[in-house]
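One structure is given below, encoded as structure tokens.
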Amino acid sequence: MPKNSKVVKRELDDEVIESVKDLLSNEDSADDAFKKSELIVDVQEEKDIDVEEESEVEDERPAWNSKLQYILAQVGFSVGLGNVWRFPYLCQKNGGGAYLLPYLILLLVIGIPLFFLELSVGQRIRRGSIGVWNYISPKLGGIGFASCVVCFFVALYYNVIIGWSLFYFSQSFQQPLPWDQCPLVKNASHTFVEPECEKSSATTYYWYREALNISSSISESGGLNWKMTVCLLAAWVVVCLAMIKGIQSSGKIMYFSSLFPYVVLICFLIRALLLNGSVDGIRHMFTPKLEMMLEPKVWREAATQVFFALGLGFGGVIAFSSYNKRDNNCHFDAVLVSFINFFTSVLATLVVFAVLGFKANVINEKCIAENSKMIIKFLKMGNISQDIIPHHINLSAVTAEDYHLVYDIIQKVKEEEFSALHLNSCQTEDELNKAVQGTGLAFIAFTEAMTHFPASPFWSVMFFLMLVNLGLGSMFGTIEGIITPIVDTFKVRKEILTVICCLLAFCIGLIFVQRSGNYFVTMFDDYSATLPLLIVVILENIAVAFVYGIDKFMEDLKDMLGFAPNRYYYYMWKYISPLMLLSLLIASVVNMGLSPPGYNAWIEDKASEEFLSYPTWGLVVCILLMVLAILPVPAVFIIRHCNLIDNSSGNLASVTYKRGRVLKEPVNLEGDDASLIHGKISSEMSSPNFGKNIYRKQSGSPTLDTAPNGRYGIGYLMADMPDMPESDL
């Protein structure tokens, strides 16, 4: 019997090891057979390879320069315009301070667990959204493509809002501000105030007529608005230049774009608190209306805000985390970024209502002055008796308290005739109850408030520069959610893809800078993201919890983090979060079905908004937006399930091994292990994070074999032993 036959027999009977990392960790250093095999590498070469492997991840994939840069990128992506102009509105509308409780509960139940999930899969698999879900299950690879489509739709109109902010920023270097007063119109005989402005207000007129030059309906294109076209081009140039080198270029900009909004918000808060009426606005904002917590609508809107505030489903979170080291504590990141987002929303709410409280106080003072003049007029005409007016009250310089006293007395005395007097109660609360959100808050209400600030151009410049930075932070994450997965999957050059993507988006985005463009922004905002993103995140949750396996995922997290995550996440991911997301999806579908599809059009003759229904073609576009966004999910599933793409072309064949011996050589090492078109089943996919790989020189060749994705890795050339049991790598 040959001398080492027992060793060979022992090798053949050994249990198959499931990964290269496990293989090496279980390697017996005293195994003569292993040492004498054809995989002999001298000591110096082995050291060189180990050093190369340690730096391999950093070399082959860009990495963040620092942890701070990464956190700022995630904060910049999650903290966006919605924190400034959506959260305060929801807070006011849904019970003031009481709204914070359901929001916090849903942040813990939906927000943090799902944010942690996306951070974890991105960091563990080190791929963009396409590669991540293709790795977990190729049949679910369409989730990543759906995320890319939604990101593209959102980027189209989101950058238009940045363009609007750039326009207002450029117009703020004037004293007085151009929206401070209504313009005067001159004709041959006399000068008069622009009727459209007189019927509305100076800031409203400037927004609809000077900035947008808006048409009366979505069907009236009206041609391109050249001012907004130039601003949109500028916005896309900024995004393109910032993203052209990936995180290497955008990461440096994050230090300014993510931190500057906080400086502005704090400055605004300090300034606003020194103005009359600001405390009234804050008190009005946070006065809790506990009875509203029992309404399902409040919880639905809170869940939706949590969902979109953290940027779940876009792919930007996954893309950013994929550039992390594998042992980064992503659990800490998830909790930190989530609470930074929440406290930013609260800070923005304080600022908004402090400023709106000041604005309400200014408007209220004007109201009191005008109505006091009317009362004096009625006293002179004899419509109101002088005897009913208290002697200590001087109507020429009346305070708010004295005016309200006089108003109540007149109302009691003139019960039947009171309505004919057309007096106004002039209550600050009435003005604060006029809930505004979105562009109405940023470009009309807040802008009007700033005209009353001392040194108003300075504050206007700061405010709109803040909006630009908030928008850019979110845009960087959104574009990264498109670029990273495509680069990972199809191996195209990032610079070329970035330029093509931005150029294409600008060309399509021209529909948003027509005179009717604002109506298309509303359409895309309502229909392109809400339902598709909910479906994407539900599928993400299902993919990890039930397809990949929640127990296996928890083990991966323990291996990656160095500690086992709290069992809380296990139950959230497996039971609570899927149920909550499904409930939210059903509620959103029902709400969408009950709400007539339409938009608020600006009617020039009336100088007011009017709700109009979408025309038939508009309804078709709305439906197409939702269908196109979610279409990749069933399309990829059917392609995979029915094997409509030839699996043998361009994919990695299964590589099998036993105790260091590769039994089956890859057919083609040119392909990408995360590619949609390679049609691989999950068992055939190698882990993107190997521990230490084994290398073997091919006879006559001093170079190492190249693995897919350009890494040196699994290009073994082993003895062919077809009769041995095989295990797919």
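Numbers for residues simply follow the sequence, beginning at 1.
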State, with a plain yes or no, whether a side-chain heavy atom of [X] is found less than 4.5 Å away from one of [Y].
| X | Y | value |
| --- | --- | --- |
| L441 | Y89 | no |
| F353 | C91 | no |
| T203 | F443 | no |
| L312 | L533 | no |
| T428 | H284 | no |
| F173 | P457 | no |
| Q305 | R86 | yes |
| W164 | N518 | yes |

Ignoring hydrogens and geometry, is there a side-chain-to-backbone donor-acceptor pair from [X] to [Y] under 3.5 Å?
| X | Y | result |
| --- | --- | --- |
| S215 | E220 | yes |
| D280 | G357 | no |
| S456 | H452 | no |
| R515 | N213 | yes |
| S170 | F167 | yes |
| K199 | D605 | yes |

Nearest 0.5 angstrom please: [X] [atom1] to [Y] [atom2], how far?
| X | Y | atom1 | atom2 | answer |
| --- | --- | --- | --- | --- |
| S425 | D430 | OG | CG | 5.0 Å |
| H190 | L184 | NE2 | CG | 11.0 Å |
| I368 | N364 | CD1 | CG | 4.5 Å |
| R209 | I214 | CZ | CD1 | 8.0 Å |
| Q174 | D180 | CD | CG | 11.0 Å |
| S474 | N469 | OG | CG | 11.0 Å |

Give me the atom names and distance for the closest heavy-atom approach of [X] to [Y].
| X | Y | result |
| --- | --- | --- |
| G509 | L156 | N-CD2, 4.4 Å |
| L531 | V589 | CD2-CG2, 3.9 Å |
| S372 | L395 | CB-O, 3.5 Å |
| L347 | I266 | CD2-CG1, 4.4 Å |
| F87 | T349 | CD2-OG1, 3.1 Å |
| S217 | S516 | O-CB, 3.8 Å |

Legend entry - Stepwise side chain to side chain donor-acceptor pair (under 3.5 Å) check, W207 with E448: CA-CA 11 Å; W207 166 242; E448 182 180 346; over 6 Å; no
Inset, instruction - For F446 and F268, run side-chain contact (heavy atoms from CB on, under 4.5 Å): C-alpha distance rounded to whole Å, both residues' side-chain angles, the deciding distance at 0.1 Å, then the answer. - result: CA-CA 11 Å; F446 212 89; F268 259 101; 3.8 Å; yes
Legend entry - Set of disulfide (SG to SG under 2.5 Å) partners for C197, sequence neighbours left out: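 Expected list: C182.
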Between [X] and [Y], is the gap from one ring center to the other below 6.0 Å?
| X | Y | answer |
| --- | --- | --- |
| Y599 | F611 | no |
| Y99 | F286 | no |
| Y103 | F342 | yes |
| F169 | F463 | no |
| Y206 | W179 | yes |
| Y157 | F153 | no |
| F524 | F512 | yes |

Legend entry - Counterpart residues, side-chain hydrogen bond (donor to acceptor under 3.5 Å, both in side chains), relative to T399 (two or more places apart):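 Expected list: D402.
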Legend entry - pair check: C502 + C240, SG-SG < 2.5 Å: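 Judged by the SG atoms alone, which are 2.5 Å or more apart, C240 and C502 are not bridged.
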Inset, instruction - Go through F308 and T304 one step at a time and tell me if the side-chain contact (heavy atoms from CB on, under 4.5 Å) criterion holds. - result: CA-CA 6 Å; F308 289 107; T304 305; 3.4 Å; yes
Inset, instruction - Scan side-chain atoms only and decide if N600 and E610 contain a donor-acceptor pair under the 3.5 Å cut-off. - result: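 Side chains of N600 and E610: no pair found under 3.5 Å.
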Legend entry - salt bridge (charged side-chain N to carboxylate O under 4.0 Å, His left out) partners of E365, counting only residues at least two apart: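 Result, salt bridge (charged side-chain N to carboxylate O under 4.0 Å, His left out) vs E365: none returned.
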Inset, instruction - Could you point out which residue of E609, E604, E196 forms a side chain to side chain donor-acceptor pair (under 3.5 Å) with Y208? - result: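 Among the candidates, only E609 passes.
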Inset, instruction - Please indicate whether W226 has more than 12 foreign heavy atoms, meaning atoms of other residues, nucleotides or ligands, lying under 6.0 Å from its CH2. - result: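 It does not: W226 CH2 has 12 such atoms or fewer within range.
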Inset, instruction - Let me see the working for K93 and E301 under side-chain contact (heavy atoms from CB on, under 4.5 Å), right down to the final yes or no. - result: CA-CA 10 Å; K93 176 185 172 186; E301 292 190 343; 3.0 Å; yes
Legend entry - CA sep, side-chain torsions, deciding dist, call: Y519, Q514, side chain to side chain donor-acceptor pair (under 3.5 Å): CA-CA 10 Å; Y519 307 138; Q514 304 173 95; over 6 Å; no
Inset, instruction - Kindly indicate, with the supporting measurements, whether the criterion side chain to side chain donor-acceptor pair (under 3.5 Å) is fulfilled by N83 and T344. - result: CA-CA 7 Å; N83 296 74; T344 304; 5.6 Å; no
Legend entry - side-chain contact (heavy atoms from CB on, under 4.5 Å) assessment of Q92 paired with M285: CA-CA 6 Å; Q92 177 196 18; M285 176 69 256; 4.0 Å; yes
